[in-house]
Structure formats: structure tokens, C-alpha cells
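Notes for the one structure printed next.
These values consider heavy atoms only, across backbone and side chains, with no hydrogens, waters or symmetry-generated copies. In the text below, chain A, chain B and the rest are named by the order of the sequence lines, each starting its count at 1. Not measured: the values here are computed from a predicted model.
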Amino acid sequence: MTGSGIGSTWPIFTMATQCPDYNFSEIEPHWQRYWDEHKTWRAEDRSDLPKYYVLDMFPYPSGAGLHIGHPEGYTGTDILARYQRARGRNVLHPMGWDAFGLPTEQFAIQTGAHPRDTSRRNIDNFRRQIKSLGFYYDWDREVDTTDPAYFRWTQWIFLQLFKKGLAYVDERPVWWCEALGTVLANEEVIDGRSERGNHPVVRRSLRQWVLRITAYAEDLLNGLKDLDWPDSTKRMQEAWIGRSEGAEIRFDLESLPGQSLEVFTTRPDTLFGATYMVVAPEHPLVPRLTAGAQRAAVEAYVGKAAAKSDLERTDLAKDKSGVFTGSFALHPVTGSRLPVWVADYVLLSYGTGAIMAVPAHDQRDYDFALTFDLPVQQVIEPADHSGNGDAATLPFLGEGRLVHSDGYTGLDWAEAKARITADLEAAGKGRARVQYKLRDWLFSRQRYWGEPFPIVWVSESDFEAARALPEVAPLLPAEPVVYREKDIAWYALPLPDAALPLELPEVESYHPSGSGESPLARATDWLDIWFHPASGRSTPASGPRPEGSGWIRARRETNTMPQWAGSCWYYLRYLDPKNPAEPFSPEAEAYWQTPDLYVGGAEHAVLHLLYARFWHKVLHDLGVVRSPEPFRKLFHQGIILGEDGSKMSKSLGNVVNPDEIVKDYGADTLRLYLMFLGPLEAMKPWNPKGIEGVHRFLRKVWRDLLDPAGRPAAKLHDGPEDHPATERLFHETIKKVTEDIENLRFNTAISQMMVFANHLQKVDRLARATASGFVQLIAPFAPHFGEELWERLGGAPSVTTAPWPAYDPAKLVTDEVKVVFQVNGKVRGDGFLPREATEADAVAAARAHPRVAPHLDGKALRKTIYVPGRILNLVVSG
RNA sequence: GCCCCGGUGGCGGAAUGGUAGACGCAGCGGACUUAAAAUCCGCUGGCCGCAAGGCCGUGAGGGUUCGAGUCCCUCCCGGGGCACCA
């Protein structure tokens with residue numbers, strides 16, 4: 001390259017950089033600028049092309065910056081996006097911020113910094129980091145859950161739920177976390193501690209907003225069937241919904257005429273084996289069931305149970321405890337007296353909070369009966385028993401036939417379930433019932449940094465007056481949402497659309513109030529208002545009542561929504577993110593519909609993914625979206641562990657910072673390495689040495705296709721022809737890379753490209769078209785590198801506009817195929833045979849093979865298995 | 001306890017029931033270089049053997065099959081989820 005090039009013949013490229021070597025720190029920012037200026041990544045709203053919508057779970061922009069796990073999934077979707085673009089799709093690949101949430105608020109509490117400022121700073125940093133990795137995101141569609149223009153529609157969706165009667169308030173024992181100063185949902189509590197921060201939690205009764213997700217239990221369960229999701233995730237949701245079929249049975253109470261105890265059981269066939277009853281300590285009938293002599297003992301027990309954390313009640317306390325109430329229930333068929341006990345192994349929150357205990361056929365009841373010396377009556381015997389009775393080991397939990405069950409003895413248990421249930425129903429003593437483990441979704445938090453509820457509380461008379469207004473009536477549910485506080489009833493009124501968004505007030509302190517109310521309770525001018533229900537206008541109650549009619553006194557809801565709210569529908573806002581009049585236009589929804597692929601961590605298997613499905617189904621029922629499910633195809637990327645194989649954490653000092661990798665090796669190398677580590681779904685350790693390998697691969701390709709001055713290598717020629725071996729390998733590579741991308745097997749796609757690169761080093765000439773085609777295959781993985789080489793080899797920028805290479809199946813077939821020779825299943829040699837060689841040809845070749853022949857000598861050929869083009873197995877004996 | 005998913009060289013991993021270990025890392029030997037880096041070439045599962053070659057080998061044990069990393073059964077280990085849900 002002596003004296004050539006630089007200065008005299010440069011620039012030869014219009015867009016590419018001028019660097020002779022693979023200088024990624026010059027190339028990458030250059031192409032990032034190019035993409036930004038040309039909006040290469042823009043998804044067109046109106047297009048004749050078929051759409052492809054690929055979605056990442058948007059991140060919570062934490063102060064720590066991007067974690068190395070983020071770009072793992074993002075690179076996977078980015079490859080898909082670029083590939084689908086090359087396949088002629090109009091690709092939507094958006095990014096946004098799930099920016100409400102506790103860490104930002106904790107930071108505000110500690111420092112006084114406004115959460116909005118912290119969020120903005122963190123978002124800017126995340127965006128910078130993500131852009132530095134060259135992702136094909138449509139930045140014109142960025143969404144931010146904390147932006148009033150966004151959460152206006154989160155509030156709007158809440159109001160649709162409210163109107164449909166799917167949102168209600170309830171005073172209920174909830175998980176209260178003292179350290180976080182808030183209530184947590186069941187799903188956010190793990191082993192009696194908060195999922196976030198691992199603080200202890202206790203039960204506490206508070207007024208809460210609750211969403212009636214249980215109304216959709218059946219839909220949510222059935223919908224799973226058609227989803228292309230990991231099986232484990234579907235199973236988790238299935239288990240979480242926890243559908244059981246059984247019966248609700250009514251037991252009259254001896255001491256309370258006219259009162260009865262309802263139980264739920266999945267085993268109505270064991271009705272005749274019920275020997276006692278159990279109610280949960282919190283069951284409302286407990287005080288009345290308690291007989292005088294037992295009162296002290298029952299009250300002590302109930303008090304103790306209330307004080308126990310759930311950790312004690314479940315994990316540590318498998319030993320049964322309980323107290324007899326002193327009263328009896330009457331068996332609905334036999335009329336026999338069954339003692340009613342209080343025990344904390346029965347949960348108020350499931351079923352009816354009471355059970356009929358069948359110790360002979362339930363492990364828990366059996367343990368309890370043993371502890372308290374209660375009778376055990378067998379009513380099911382294994383099907384292979386012919387005797388009537390007691391032979392089986394108790395408790396017997398298996399299938400069988402009924403015994404000791406007047407009128408039903410001898411029946412198969414499944415039939416007995418149906419018969420007994422039907423008979424109870426006819427007698428007015430029970431009915432078939434489906435029960436779910438799924439509980440309604442506790443939807444409020446006593447926090448500042450969340451979406452405010454677009455709800456005000458008013459007196460009964462003001463509510464009645466408002467309800468009569470034509471503007472207000474359509475916004476209300478059939479049943480008013482109401483709660484009582486110190487004998488005063490408060491009625492919920494929604495803000496009309498015109499009053500949205502309801503923004504957060506400025507407050508002096510972000511500390512929770514400690515009383516169970518959020519910091520919003522201290523923003524008095526925001527909180528206590530004069531309210532005009534028809535228009536939604538408001539003014540501080542500290543001021544005078546405004547002129548005109550229809551103004552009432554109101555107090556705003558002080559709770560805020562949980563972080564899940566914003567992420568429940570963000571994938572829909574991307575369709576039309578700037579729409580000021582609707583959450584998204586019907587046209588945008590008609591074209592983009594729902595994501596074709598959703599990629600994100602398995603840690604959201606139940607929470608986010610179940611909540612979002614719930615909201616989507618509600619929107620579907622409202623006619624707002626056409627599909628019944630939001631995420632047809634779901635994929636979980638795995639977790640990247642630290643170098644030492646343990647989870648990355650600051651305290652272990654094994655955290656990998658993407659910024660440093662980009663600085664040292666470039667974004668393309670990082671992307672390639674993340675994909676090369678192993679299967680996308682696998683958990684795999686980071687290996688800093690491994691990154692050298694993929695970096696070398698890029699440099700090797702650069703060196704191979706370009707000369708030392710950075711221009712097309714001398715061995716490139718413009719003819720169509722390559723060596724047949726090169727041609728075949730190239731077409732194999734196109735095939736493999738294409739199929740692997742479609743199946744998200746990026747690691748094997750990369751290894752195939754490495755195989756091809758290794759081959760390129762050995763050839764002395766190469767068609768320029770082959771070189772460019774190879775660069776196209778690399779481009780989705782290493783996009784800056786791809787753009788740079790594409791143009792230097794003569795392609796018009798950008799490579800993203802070039803159609804994906806197609807392979808020619810005819811180029812993959814060879815005249816000769818390798819056949820492996822086995823004798824008795826052991827490999828003894830191989831040989832090349834014509835593709836159409838017969839079994840006889842193959843056997844002849846094997847017999848002639850010097851290393852195979854000795855194993856056949858003097859032995860009788862008993863069987864021949866011939867798989868053309870693969871294997872010949874000769875089974876011999878003697 | 002119950003339900004999933006895994007277990008393959010020194011390491012990450014690859015293998016429609018058909019040559020186990022592709023590709024990469026690490027290691028060893030060599031070339032280039034005054035030297036180093038970079039790059040290139042070769043070797044690299046274990047055991048026996050001078051070699052040709054043979055035997056063994058995918059957590060353990062059994063089974064199905066002409067043939068098993070792959071399918072079936074039992075067990076061990078690791079990871080994830082659920083956990084008194086009647």
C-alpha cells in the first residue's frame with residue numbers, strides 16, 4: 001500500500017468511513033449517525049408491506065444503567081428486526097421506559113430529588129447506552145409510562161375497568177411492608193418478605209383498590225391453549241390460576257338454627273367420610289359458633305393466628321394446630337353431628353374459608369385428626385380391593401370405589417362425585433362449583449411515584465345528584481363503589497375524559513405518611529377540592545366554592561397504581577404513540593395488531609404477562625382490540641451469570657458494564673458475543689476470553705474481503721463463478737443462517753458464518769457477489785460492520801434496504817455422498833458413493849474397504865441396514 | 001413434598017434415532033519477526049500401542065433398537081416454579 005490511496009484516491013465511498021483497518025470506534029458512531037439522520041429504523045404507519053412487530057420487554061431505567069442482560073434479549077430481537085426488514089417486512093421494533101417504580105422513589109426519599117428528574121436522567125443514560133449498541137429501534141415511538149401524555153391513557157383504561165365493575169374497593173388484610181411503607185400484592189411477597197428489598201411484611205387491614213381479574217379466570221386459562229409460549233410459562237400461569245372443580249355443600253348448624261356453614265370440596269364423593277368441620281380463624285361465623293366454655297380458648301387461638309405471619313402459618317407450621325369451638329354441624333345426608341373446629345390450616349381466602357374434614361382421604365385432615373384424636377372414617381377403597389373396608393393404608397388418596405356410603409357404596413368415585421353433587425343440589429344442600437386459586441388483583445400502592453387514580457370520593461347525597469347527570473351516568477358502574485369510614489359512606493366518582501390526565505401534585509416530602517396513606521395525602525390543595533362532576537373541573541377546597549351549579553366537595557384518591565399498570569398496555573401505545581385523542585387509532589391497531597414476537601425474562605411469567613393478558617381481554621371485550629390475546633408468541637432469554645458462574649451483583653463485583661465492552665471491542669463484537677455465548681434461552685456464564693474469539697472473527701472477515709488500504713481485496717472478482725466448494729458452502733451458510741435466525745438459534749448461525757469465514761481464508765478468488773452476500777448475512781448480527789463492508793464492496797447504502805440472500809437448493813446437492821460403514825453398529829470406515837448408489841453398491845464398497853473388510857472376514861451377514869447418503873450397517877455373526 | 005427444565009472434553013457449547021465433541025476459548029508445537037504483538041499452519045476426550053490400529057467414553061444403573069447424547073423406566077446431582085388452595 002506504499003504511497004497509495006490516502007489523500008489521492010480517497011474518498012472512494014460516499015457514506016462509509018475511510019479507515020483502512022477495522023476501526024470500530026470510528027465506524028460505529030458513524031453508522032449510528034447515519035441511521036439517525038436517515039431514520040433507517042422507522043416503521044411506516046401506512047404501508048403495503050406486510051408488518052412485522054417484534055417487541056422487547058421495556059426496561060425500568062434504574063440508576064445503575066444498562067445491565068448486560070438487557071442487550072442480550074435486545075440483540076436477539078434486533079437481529080430478527082433487521083432480518084425481517086431484509087425479507088421485505090415493514091418492521092415495528094420499539095423501545096420505551098417503565099419508569100414509575102420504587103427505586104426512584106426510594107432515591108427521592110433519601111435525597112429529596114424529584115422522581116421525575118431522576119427518571120429523566122436515568123432514561124437519558126439508558127437511551128444513550130442502547131443507541132451505542134446500534135439497535136434498530138424506532139425512536140420516534142419511544143414511550144415513557146411516567147409521561148402524562150402516556151398515563152392519561154393508563155388512567156383511561158382504569159376508568160373502563162371501573163365502568164365495567166371490574167374495579168372496586170375493599171377493606172382487606174393486605175401485605176404491609178413497613179420498610180417500604182406500602183402494601184404489596186401477593187405476587188410481590190416471597191416467603192413473608194418483600195420481593196423488592198427483602199423486607200419483612202405483615203398483615204394489615206387497609207382500604208384498597210382491587211381489580212376483578214377473577215372474572216376473567218376462565219378466559220385467561222382457556223386462552224393459554226392457543227399461545228406459542230414456553231410450556232413452563234403456560235404451566236406456571238395455569239397453576240397460578242389454579243382451577244378446581246368440586247362442590248359447594250351446606251352444613252346446617254345445630255346451635256344456630258337457620259344458619260349454615262358452606263364448604264368447598266373437590267371430593268364430594270367423600271361426603272360420608274366427613275368426621276368434623278374446620279373454619280379459618282378469620283371466618284365471620286367464628287364468634288357465633290363459639291360456645292361459652294370454649295370462648296377463652298378460641299379467642300386466644302384466633303388472636304395468635306392473627307399475629308402470626310404467613311411464613312409461620314405455612315412454611316414453618318406444618319404441625320397442625322386448632323381449637324374446638326364447642327358447636328356442631330349436621331351432616332347434610334346422615335344428619336350426624338360433626339364438631340366444628342377452628343384451625344389455621346384452613347385459609348379464609350380460598351373457597352369459603354371452611355371445610356368438611358375427611359381424614360381418611362386427605363393428608364392434612366388426617367394429620368389434624370391424629371393430633372386431636374378425631375374419628376377417621378374410610379369411604380373410598382382401592383379398586384382392586386373387594387372387601388368392604390378398612391384394608392387400605394390411610395389416608396388413602398388414590399382413585400377407587402365407595403364404601404360405607406349409604407346409597408352410593410360400590411360406585412366408582414368419579415361417578416359418585418357427580419351423583420352426590422346432583423343429589424345435594426336437588427335437596428337444596430349444595431351445588432357444583434368451580435374454584436380458582438387466582439385472587440383479585442390488589443391494585444393500589446401507598447406511594448407517590450405512580451399513576452394517580454382518576455377518582456374522587458364524595459358523600460352519598462352528592463353522589464346521587466351526580467349520578468343523575470347525563471354526563472356522569474355513563475361513566476359509572478352498575479353498582480356504586482363505596483366504602484365506609486367512621487360511619488360515613490364515601491362514593492367513588494370518576495373523572496371524565498376531559499379531566500385526564502390527572503397529574504401528580506408537587507409535594508414537599510416523598511415519605512409515606514405511615515398511616516397507610518401515600519405522600520399524596522399531604523398535598524392538601526390537590527387532595528381536598530371543589531369538584532364539578534360533569535366537566536371534571538376542580539379547584540382547591542381551601543378556596544371559595546366556584547360560581548355556578550353542580551360543584552361539590554370531594555377528596556381525591558390518595559393511592560397510586562402499581563408499577564404493573566403502565567406495562568399492561570404499552571405494546572399498544574407503540575402502535576400510535578403520539579395520538580392525543582385516543583390510546584391508539586383503530587387504523588393503527590388494524591394494521592399492527594399485536595406483537596409477532598415478544599422477548600423478555602422468565603421472571604415475568606405470571607405477573608406482568610397475566611396482568612397484561614387481563615387488560616387486553618377487557619379491551620377486547622370493549623371492542624378496542626381485535627385479538628383476544630396480546631402476545632401470541634413469547635420467548636424468554638436466559639440469564640447471563642458472572643464470570644464465576646454466580647448471579648451478577650454489585651456485592652460480588654462480577655458485574656459486566658456494557659459501556660466498557662463497547663469501548664474496548666465495539667458494539668458489534670458485544671452483540672456477536674452475546675449471541676454466541678450459547679442458546680438465547682439458556683443461563684450461561686460470561687467469559688471475557690470468549691469475546692476475543694468473535695472479535696477476531698470480525699477482523700478476519702475484514703482482512704479477507706478488504707485489502708490493507710481498506711478497499712476490496714485483490715482476490716475479489718466481478719464474475720459470477722466461485723469454486724464449487726465455495727459455492728456450496730456459501731449456499732449452505734445462507735440456508736443455515738436463515739433457518740437459525742427464524743428459530744432464534746443465533747449461536748449456531750454465528751458458528752456457521754465462522755466456518756464460512758475460515759473457508760474464505762483458503763480460497764484465492766471469490767465472486768464479489770458472494771462476498772457481499774456474506775456481508776448481508778453478518779449485517780443483522782454486526783450491523784455497523786455490515787453497513788461498512790457492504791458499501792466498501794460496492795453496495796448502495798444501506799445494507800438494510802437490500803433483500804435477504806436466497807439459497808439455491810440445487811447448489812446444495814452433490815454427486816457423491818459420504819456413507820458411513822458400520823459393522824454391528826460400530827463405525828469401521830466410510831466412503832464416497834454416488835448419490836443414487838443402491839444397497840448392493842454400498843455393501844460392495846464396504847466389503848472392499850480395507851478397514852471394514854477384516855471385520856467381515858469369515859462371518860455370516862445376517863442383516864443389512866442402508867440409509868442412503870448416511871449409513872450402512874452390516875450385522876454379522878460367527 | 002409436588003410440577004417443570006437441565007447434566008456432553010480443561011471451559012462455553014454443537015449434534016432430523018445414523019461417524020459424539022461442529023464453532024469458539026484455553027493449552028501444546030511450528031512459521032513469520034532482531035524481539036514482541038498481530039497473523040498463519042498443525043495438534044488437542046481418556047486408556048493401550050513404536051505404529052497400524054484397538055478398547056472405553058455424553059451424571060449412575062437398567063431397557064427398547066441393526067444403531068441411543070437423543071426414546072422408555074429407576075436413581076443421583078444442579079437450576080426454576082408452586083407449596084396446608086380443601
Side-chain angles (χ1 to χ4, degrees), chain A residues 21 191 230-240 242-244 246 263-267 270 278 280 310 313-315 317-320 343-347 349-358 361-365 367-368 435-439 602-603 605-606 636 638-639 641 645 672-673 676-679 681-697 699-700 703 745 747-758 761-762 818-830 850-851 854 862-867 869-876:
Chain A
D21 299 322
D191 291 342
D231 274 346
S232 57
T233 301
K234 288 210 237 183
R235 260 193 285 272
M236 269 195 249
Q237 291 216 350
E238 227 173 86
W240 193 262
R243 183 183 197 275
S244 322
V263 303
F264 172 73
T265 178
T266 54
R267 296 293 305 275
T270 62
V278 184
D310 265 32
R313 276 182 68 163
T314 58
D315 279 26
K318 297 284 183 189
D319 291 337
K320 298 286 178 289
D344 64 6
Y345 82 92
V346 170
L347 310 173
S349 50
Y350 183 77
T352 61
I355 62 158
M356 64 175 202
V358 185
H361 305 290
D362 182 283
Q363 186 67 52
R364 296 152 300 181
D365 297 345
D367 296 343
F368 190 82
Q435 177 68 38
Y436 301 92
K437 280 193 221 174
L438 183 68
R439 314 286 153 89
E603 66 273 18
V606 272
H636 296 309
I639 295 173
L641 304 170
L672 216 43
Y673 179 59
F676 189 61
L677 262 178
E681 68 274 21
M683 188 181 275
K684 55 231 155 187
W686 180 265
N687 173 7
K689 283 281 174 44
I691 213 169
E692 302 274 0
V694 289
H695 189 64
R696 259 174 243 165
F697 163 71
R699 289 211 315 227
K700 190 187 286 187
R703 252 195 340 264
R745 290 195 304 247
N747 55 329
T748 49
I750 293 167
S751 73
Q752 180 65 35
M753 292 191 283
M754 287 173 166
V755 170
F756 188 69
N758 290 342
Q761 280 188 326
K762 299 187 177 77
K818 190 195 225 174
V819 173
V820 171
F821 302 136
Q822 294 186 345
V823 178
N824 287 345
K826 279 189 195 294
V827 176
R828 296 300 179 183
D830 55 44
R851 291 218 301 277
R862 308 192 64 98
K863 194 171 178 182
T864 305
I865 291 101
Y866 177 52
V867 182
R870 285 212 170 269
I871 204 156
L872 173 73
N873 189 10
L874 301 172
V875 184
V876 298

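- As judged by a 4.0 angstrom heavy-atom cut-off over every strand, A/Val755 is placed among residues touching the sugar-phosphate backbone only.
- Counting to the nearest Å, the C1' atom of B/G18 and the CG atom of A/Asn824 are 15 Å from each other.
- Residue contacts for A/Ser244: at a heavy-atom cut-off of 4.0 Å it reaches the sugar-phosphate backbone alone, with no base atom in range.
- In this structure, NZ in A/Lys700 is found 13.0 Å from NE2 in A/His695, a value given to the nearest 0.5 Å.
- Put simply, the side chain of A/Tyr345 reaches to within 4.5 Å of the side chain of A/Ile355, judged on heavy atoms.
- Checking B/U19, B/C25, B/C84 against the side-chain heavy atoms of A/Asp344 singles out B/C84 as nearest.
- In this model, a side-chain donor or acceptor of A/Arg870 finds a partner on the base of B/U16 within 3.5 Å.
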So what is the 5' to 3' dot-bracket string for RNA chain B, if pairs are Watson-Crick or G-U wobble with both distances under 3.5 Å, crossing pairs use [ ] and | means the partner sits on another strand?
-> (((((((..(((.....[....))).(((((.......))))).((((....))))..(((((..]....))))))))))))....
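- Between A/Leu874 and A/Lys863, the closest side-chain pair of non-hydrogen atoms is not below 4.5 Å.
- Within the structure, every side-chain polar atom (N or O) of A/Thr748 is placed at least 4.0 Å from both OP1 and OP2 of B/C23.
- Closest of all the heavy-atom pairs between A/Lys684 and A/Glu681 is NZ-N, 4.5 Å.
- Distance A/Ile750 CD1 to B/A14 P: 12 Å, rounded to the nearest Å.
- Looking only at side-chain heavy atoms (C-beta outward), A/Asn873 and A/Tyr866 stay at 4.5 Å or farther from each other.
- Looking at every heavy atom in both residues, A/Met236 comes nearest to A/Val606 through O-CG1, 3.8 Å.
- When heavy atoms are screened at a 4.0 angstrom cut-off, A/Gln761 is found touching the sugar-phosphate backbone but no base atom.
- Taking atom CZ of A/Phe697 as the reference point, atom P of B/C25 lies 12 Å away to the nearest angstrom.
- A/Lys437 comes within 4.0 angstrom of a base, heavy atoms only.
- Nucleic acid contact class of A/Asp365 (heavy atoms, under 4.0 Å, all strands): none.
- Across B/C84, B/A86, B/C40, the shortest atom-to-atom separation from the side chain of A/Val346 is found for B/A86.
- Look at A/Arg703 and you'll find a side-chain N or O under 4.0 angstrom from OP1 or OP2 of B/C40.
- Within the structure, a side-chain polar atom (N or O) of A/Lys863 is placed less than 4.0 Å from OP1 or OP2 of B/C66.
- When distances run from any side-chain atom of A/Pro679 to the nucleotides B/G13, B/G67, B/A86, the shortest one goes to B/G13.
- Ring geometry for A/Tyr673 against A/Trp686 counts as perpendicular: the plane angle is over 60°, on a 0 to 90° scale with 30° as the lower cut.
- Side-chain contact between A/Arg699 and A/Asp21: absent, with no pair of heavy atoms (C-beta onward) separated by less than 4.5 Å.
- Going from atom CD1 of A/Ile871 over to atom P of B/G17 covers 14 Å, rounded to whole Å.
- Between A/Gln822 and B/G18 there is no side-chain polar atom (N or O) within less than 4.0 angstrom of OP1 or OP2.
- Using a 4.0 Å heavy-atom distance criterion, A/Asp231 is classed as making no nucleic acid contact.
- Proximity of A/Leu641 to A/Met683: side-chain heavy atoms (C-beta onward) are separated by under 4.5 Å at one or more points.
- In this structure, B/G63 is classed as anti because its glycosidic torsion departs from zero by more than 90°.
- Put simply, the side chain of A/Thr864 reaches to within 4.5 Å of the side chain of A/Leu872, judged on heavy atoms.
- Taking atom CZ on A/Arg828 and atom P on B/U19, their separation rounds to 16 Å, with Å as the unit.
- As a whole-Å value, the separation of A/Glu681 CD from B/G80 C1' is 14 Å.
- Nucleic acid contact class of A/Arg699 (heavy atoms, under 4.0 Å, all strands): sugar-phosphate only.
- Nearest-nucleotide positions on RNA chain B for A/Ala239 and A/Asn758 put A/Asn758 closer to the 5' end.
- Close to B/G53, at under 4.0 Å from its OP1 or OP2, lies a side-chain N or O of A/Arg851.
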For nucleotides 8-12 of chain B, list the nitrogen or oxygen atoms of the protein found under 3.5 Å from its nitrogen or oxygen atoms, one pair per line.
from, atom 1, to, atom 2, distance (Å)
B/G12, O2', A/Leu677, O, 2.7

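- As rounded to the nearest Å, B/C72 and B/A68 have P atoms that lie 15 Å from one another.
- Look at A/Arg696 and you won't find any side-chain N or O under 4.0 angstrom from OP1 or OP2 of B/G24.
- For the P atom pair drawn from B/U39 and B/G24, the interatomic distance equals 13 Å after rounding to whole Å.
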For A/Tyr436 and A/Trp240, what are the C-alpha separation, side-chain angles and deciding distance, and is it a ring pair (Phe, Tyr, Trp, His ring centres under 6.0 Å)?
-> CA-CA 9 Å; A/Tyr436 301 92; A/Trp240 193 262; over 10 Å; no
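- Note: CZ (A/Arg745) to P (B/U16) measures 8 Å, nearest angstrom.
- Distances from the side chain of A/Tyr345 to the nucleotides B/A86, B/A20, B/C84 place B/C84 closest.
- With rounding to whole Å, A/Asn747 atom CG is found 11 Å from B/G24 atom C1'.
- Under the 4.5 Å side-chain criterion, counting only non-hydrogen atoms from C-beta, A/Arg439 is in contact with A/Ser349.
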